[in-house]
*Asks:* 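Have a look at the structure that comes next, please.
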Amino acid sequence: DWNARNGLNTGYALHRGLNYLVYQRGAQLGFTGSHISWLGGAKERDETFYPLVDGERSISRWRQPCYTHPELVDTIVENILAKRATLPDMPMEYLASIIADNWTVCGCDRCMQPIPLADGTLLHPKSPYSNQDPLFFSTRNFIMLNAVAEKLTAEWPEARIVTHAYIFTAEPPRVKPHPALIPQFAAYPTQNARYPILAEKGSNVGSYTRDIWTRRFREWAELFPKGL
């Protein structure tokens, strides 16, 4: 209510017992969640939805799912459509499936297989850790999201999925994102928040070179010339 009174246009989840006054004050209606949260109860029934890290399943909602689990895409789409059906007469103004706020990814044998690219080459993994190989795992992430978007729009053509280009997925993937995806670019971790991205005034911090955010920003712009 505080958000609504102050005109923050904060997203409001659709559910039974909707607070209509919040909606009337301008809150957007929709759903957001991490990829793993869209699995619902399936991840408790099958722990292999969770990532394999150093030979053990990392059971936490603050993780990315096993991107290559054979039931992952279908389960996410089924749960999105089930949420949409809870209030079919209300407009859905946004839908998001984002990475969990964490670098942890799956290093199972399937996820670590080289990725065939459109130009006929293979993208080989350099590490099972996303902070050491953001390109590979960003590409894995968007391959999964592309499959979700393709299946979802077959049932719901108008669907658009907001997602994050953030931490390891800030690295532009080697696959073209599906037209139904809307990445939100976040230049994090930044080396200098006082200057624009294109100023290249950041410091060299570990693997983050002075020009890394300028390069990533421009590469994302090539993927989405109409804007992110």
Side-chain angles (χ1 to χ4, degrees), residues 30-36 38 51 64-78 80-81 94-100 103 105-108 110-188 197-198 207-209 211-228:
F31 296 102
T32 187
S34 66
H35 306 327
I36 210 160
W38 279 113
Q64 318 317 327
C66 171
Y67 282 125
T68 59
H69 190 291
E71 298 178 18
L72 178 67
V73 170
D74 287 350
T75 305
I76 290 175
V77 172
E78 287 169 8
I80 289 174
L81 292 174
Y94 73 91
L95 170 66
S97 186
I98 60 179
I99 60 171
W103 294 82
V105 292
C106 187
C108 74
R110 282 193 314 263
C111 285
M112 296 305 294
Q113 288 295 309
I115 298 172
L117 301 175
D119 62 4
T121 63
L122 293 173
L123 178 62
H124 291 272
K126 299 176 181 177
S127 168
Y129 308 112
S130 66
N131 63 327
Q132 297 177 21
D133 196 356
L135 175 61
F136 184 82
F137 286 103
S138 179
T139 303
R140 272 270 174 252
N141 179 77
F142 280 95
I143 288 173
M144 182 275 291
L145 279 173
N146 281 352
V148 168
E150 185 69 19
K151 189 173 183 66
L152 183 64
T153 54
E155 298 285 333
W156 176 17
E158 301 81 17
R160 297 295 180 268
I161 306 171
V162 173
T163 194
H164 282 173
Y166 166 62
I167 51 179
F168 67 94
T169 61
E171 182 66 39
R174 290 287 301 277
V175 295
K176 185 172 179 57
H178 192 282
L181 297 178
I182 306 173
Q184 295 178 326
F185 180 69
Y188 174 86
I197 291 172
L198 297 181
S207 63
Y208 286 82
T209 57
D211 66 341
I212 188 170
W213 292 112
T214 300
R215 175 185 63 76
R216 287 177 170 179
F217 186 76
R218 286 178 169 152
E219 288 179 10
W220 274 111
E222 290 175 3
L223 290 171
F224 288 87
K226 293 183 179 180
L228 294 174

*Asks:* For the atom pair OG (Ser130) and CD (Gln64), what is the distance rounded to the nearest 0.5 Å?
*Replies:*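 So the OG of Ser130 and the CD of Gln64 are separated by 7.5 Å.
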*Asks:* Taking it one step at a time, do Tyr129 and Trp103 satisfy side chain to side chain contact (heavy atoms under 4.5 Å, CB included)?
*Replies:* CA-CA 8 Å; Tyr129 308 112; Trp103 294 82; over 6 Å; no
*Asks:* Using 0.5 Å steps for rounding, measure from the OG1 atom of Thr169 to the NE2 atom of His164.
*Replies:*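 Result: 8.0 Å between the selected atoms.
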*Asks:* Excluding sequence neighbours, so at least two apart, what forms side-chain contact (heavy atoms from CB on, under 4.5 Å) with Glu150?
*Replies:*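 His178.
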*Asks:* Would you please classify the geometry between the Trp38 ring and the Phe31 ring as parallel, tilted or perpendicular, with 30° and 60° separating the classes?
*Replies:*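 Because their plane-to-plane angle is over 60°, the rings of Phe31 and Trp38 count as perpendicular.
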*Asks:* Among Leu223, Asn141, Leu135, exactly one meets side-chain contact (heavy atoms from CB on, under 4.5 Å) together with Pro173. Which residue is that?
*Replies:*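 It is Leu223; the other options fail the test.
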*Asks:* Tell me whether Arg140 contacts the main-chain N or O of Cys111 through its side chain, where contact means a donor paired with an acceptor under 3.5 Å.
*Replies:*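 Confirmed, Arg140 side chain pairs with Cys111 backbone.
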*Asks:* Kindly give the heavy-atom pair with the smallest separation between Thr139 and Arg174, and that separation in Å.
*Replies:*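 That would be OG1-N, 3.1 Å.
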*Asks:* Looking at Ala170 and Arg216, what are the two nearest heavy atoms and their distance?
*Replies:*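 In terms of heavy atoms, the two residues are closest at O-CD, 3.6 Å.
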*Asks:* What residues form a ring-ring contact (aromatic ring centres under 6.0 Å, His included) with Phe142, not counting sequence neighbours?
*Replies:*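 Only Trp220 meet the ring-ring contact (aromatic ring centres under 6.0 Å, His included) criterion with Phe142.
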*Asks:* Tell me if the CD atom of Glu219 is crowded by more than 12 foreign heavy atoms within 6.0 Å.
*Replies:*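 Yes, CD of Glu219 has more than 12 neighbouring heavy atoms, counting only those of other groups under 6.0 Å.
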*Asks:* Nearest 0.5 angstrom please: Ile76 CD1 to His69 NE2, how far?
*Replies:*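 Answer rounded to 0.5 Å: 11.0 Å.
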*Asks:* Would you indicate whether the side-chain heavy atoms of Leu95 and Trp156 approach each other to under 4.5 Å?
*Replies:*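 Yes, side chains in contact.
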*Asks:* For His35, what residues pass the ring-ring contact (aromatic ring centres under 6.0 Å, His included) criterion, not counting sequence neighbours?
*Replies:*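 By the ring-ring contact (aromatic ring centres under 6.0 Å, His included) rule, His35 matches no residue at all.
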*Asks:* On a heavy-atom basis, which atom in Ser97 and which in Leu145 lie closest, and how many Å separate them?
*Replies:*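 The pair with the smallest heavy-atom distance is O-CD2, 4.3 Å.
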*Asks:* How close do Ser138 and Glu171 get, heavy atom to heavy atom, and via which atoms?
*Replies:*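 Reported closest heavy-atom pair: OG-O, 2.6 Å.
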*Asks:* I'd like to know if the side chain of Asp133 and the backbone of Lys126 have a donor-acceptor N/O pair within less than 3.5 Å.
*Replies:*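 Checked: pair present.
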*Asks:* If you measure from OG1 on Thr68 to CE on Met144, what distance do you get to the nearest 0.5 Å?
*Replies:*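 Output value for this atom pair is 11.0 Å.
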*Asks:* Looking only at heavy atoms, which two atoms of Ile197 and Thr214 are closest? And how far apart?
*Replies:*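 For Ile197 versus Thr214, the nearest heavy atoms are O-OG1, 2.8 Å.
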*Asks:* Which distance, rounded to the nearest 0.5 Å, do you find between the CD1 of Ile143 and the CG of Leu117?
*Replies:*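 Spacing of CD1 (Ile143) from CG (Leu117) equals 7.5 Å.
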*Asks:* Determine the minimum heavy-atom distance between Asn146 and Lys176, stating which atoms define it.
*Replies:*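 Smallest heavy-atom distance, with atoms named: ND2-O, 3.1 Å.
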*Asks:* I need the Phe136 CZ to Ile115 CD1 distance, nearest 0.5 Å.
*Replies:*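 Separation between the atoms: 4.0 Å.
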